[in-house]
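Notes follow once the structure below has been shown.
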Amino acid sequence: MSIIVLVLALCAAALVYYTTTALSRTRSRLPLPPGPEGNWDFGRSTSSFAHVSFQELETLFQEYGPVVTLKSGSKTVVVIGRQQAASDIMEKEGASLADRPKWVAASEIVSGGMRILLLNSGKRFRKLRRALHSHLQAKAVVDYEPLQMRYAKNVILDLIDDPDNHACHARRYAGSLILALTYGRTAPGRSDDPEIVAVARCLQRVGLAVRPGEYKVDEYPLLRYWPFYRKELRVWHAEELALFRSQMDTVANNMDTVQPCFGKYLLEHQGELELKYDELVYLAGTMFGAGSATTASAISLVIMAAACFPAAQRAVQQQIDEVIGGDRAPNFEDYAALPRVKAFILETYRWRPVGGSGFSHRASRDVFWKNYCIPKGTVVIGNHWSICRDPALFEDSDDFNPDRWLDDLGRIKDDVPFFNFGFGRRICPGQYVADKSLFINTALILWAFNITQVASEPIDPTSFVSVGVSISPQPFKACFNKRVEGIHRLLEGYGISH
Ligand code: HEM
């Protein structure tokens, strides 16, 4: 009897094995999503295709459908350009797409395998994300509002003093905030501060090292063990490690006096977080790179949109005037009463997504979508630019229309899927801080000023520069005409003075 049971069990196991392997063989014989023939030039592109024009990719989506495969030699990149496909692939299959491409030069050598943005998923990645979550999750970021208010107030005062340098003021806001959150610095930073210049240099170097084709070690990983191979990569790592260590050492040496901040938290909870000193040093050090240029760029884009679309700007100002009246400045408590501010920000995010053409993920196993297979190892990118123009979701998607985010009662719609902050398990952990920064800066700037174009130098809203993984508008001129009397007086009381 027991032999019969054993034989039956073996037969059942064989049947299961046969059907699952046969099925997976059949499934993996499915083709890749369609795409143009021949070699695509990834040669000089950055991690995010910055050299390929957004329009060029959009034309491919129109021709081949929502998911397009591009090939260059042995490299395959799958690019997603529509919202439903992004949900189906990047979100639902998020666990299979949490890896990054193998960047030996940028990640393993320059970053010592510790820069979270470039790390593969795995134990270290999960520990770092958990540590970030403690300080950047929605309920934690409420604590940063006073700082954000204070630095946003400084933006207004800077714009009054020196309107031509509006982009610089946005950068100063974003940089000061990150340094305060990370290291408890209270003095607002300056963009020519040697420390900020040094951090920016590190970012540029990583940006260079991440370019496909820039370093042969990405194709031939064994080269990294050749002692004379591209020594600058090791020098860059040593320099940034020394810089990040010195920033964290300052916190460590002043634990009694330093303001509560991410760095202090990391040091206090190092054991529980199971992080080595250099891991936490890098985690704190790379916050600036991830959160500073992106936030500054988004604030500049709000200014650009206001100058380019006066009617949309007026609609926000009308609501601000109704809610705030003439004897105070907007603050975080006005958030719920100012849905038009939020709608203006969402539309700016959509109109000019800071994430540009998207950041690379990599399939850690075969991913199936419709009748296609994206094989393990393929680089997969959600193309923010095209997804934000998805005709199925956004009518007249080239128009700047904040009303599309409002329901009939003037409230923010809560059912529009949106990927401004990336996808799946790699979604931007700083999104709640960023949203609050955008809210307070937009509310204060549009309360304080009417922004117009300079007639002799019209803005070209299609012209961008690539900054690290994000895009930023080319420098542009705008006029900031005061629309409130006594701005200095009304801003008094929001943090220490400028
Ligand atoms: C408007 C401002 C911002 C935008 C548009 C933005 C957008 C993004 C995007 C698109 C990604 C890549 C997601 C993906 O791979 O799918 C990302 C990653 C990241 N962002 Fe942001 N971000 C912003 C602000 C911030 C801030 C303020 C912080 C920190 C305080 C931050 C920290 C990070 C980090 C650490 C990552 C890497 C996450 C990972 O690879 O797992 N970001 N962000």
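These numbers were taken from a predicted model, which means no experiment stands behind them. First listed ligand is number 1; within each ligand, the first listed atom is number 1.
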Relative to the heavy atoms of [X], which atoms of ligand 1 are at a distance of less than 4.0 Å?
X: Ala434; answer: 1 (C), 2 (C), 24 (C)
X: Pro429; answer: 19 (C), 20 (N), 33 (C), 34 (C), 35 (C), 36 (C), 38 (C)
X: Ile178; answer: 30 (C)
X: Phe125; answer: 41 (O)

Select one of side chain, backbone, both or neither to describe which atoms of [X] lie under 4.0 Å from any atom of ligand 1, heavy atoms only.
X: His361; value: side chain
X: Arg425; value: neither
X: Leu119; value: neither

Does a side chain donor of either Asn383 or Ser386 reach within less than 3.5 Å of an acceptor in the other side chain?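 Looking only at side-chain atoms, Ser386 and Asn383 do form a donor-acceptor pair, the distance falling under 3.5 Å.
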
Consider only side-chain N and O atoms of Ser111 and Tyr282, and report whether a donor and an acceptor are under 3.5 Å apart. no

Could you check whether any heavy atom of [X] sits closer than 4.0 Å to an atom of ligand 1, since that is the contact criterion I want to use?
X: Arg100; answer: yes
X: Leu118; answer: no
X: His384; answer: yes
X: Arg129; answer: yes

Where at least one partner belongs to residues 416-435, residue pairs that pass side-chain hydrogen bond (donor to acceptor under 3.5 Å, both in side chains), sequence neighbours excluded: Tyr349-Asp435

Heavy atom to [atom], shortest distance: which of [options] holds it?
atom: atom 11 (C) of ligand 1; options: Phe421, Tyr349, Tyr144; result: Phe421
atom: atom 20 (N) of ligand 1; options: Ala174, Cys428, Ser437; result: Cys428
atom: atom 1 (C) of ligand 1; options: Gly289, Pro353, Ala298, Ser360; result: Ala298

Distance-only N or O hit between ligand 1 and Arg426, under 3.5 Å: yes

Run Arg172 and Asp158 through salt bridge (Lys or Arg N to Asp or Glu O under 4.0 Å) and show every step you take. CA-CA 10 Å; Arg172 183 177 179 225; Asp158 286 341; 2.7 Å; yes

Verify salt bridge (Lys or Arg N to Asp or Glu O under 4.0 Å) between Glu272 and Lys127, making sure each step is shown before the conclusion. CA-CA 10 Å; Glu272 183 189 316; Lys127 284 194 289 184; over 6 Å; no

Between Arg115 and Glu240, is there a salt bridge with N-O shorter than 4.0 Å?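 Yes.
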
Could you tell me whether Arg100 sits above the aromatic face of Trp103, with NZ or CZ closer than 6.0 angstrom to the six-membered ring centre and within 45 degrees of the axis?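 Checked: cation-pi criterion not met.
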
Taking the six-membered ring of Phe394 (Phe, Tyr or Trp), confirm whether the NZ or CZ of Arg350 is under 6.0 Å from its centre and within 45° of its axis. yes

Mind listing the closest non-hydrogen atom pair of Tyr277 and Asp249 along with its distance? OH-OD1, 2.5 Å

Any chance OH of Tyr64 has more than 12 other-residue heavy atoms, nucleotides or ligands included, within less than 6.0 Å?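 Yes, enclosed.
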
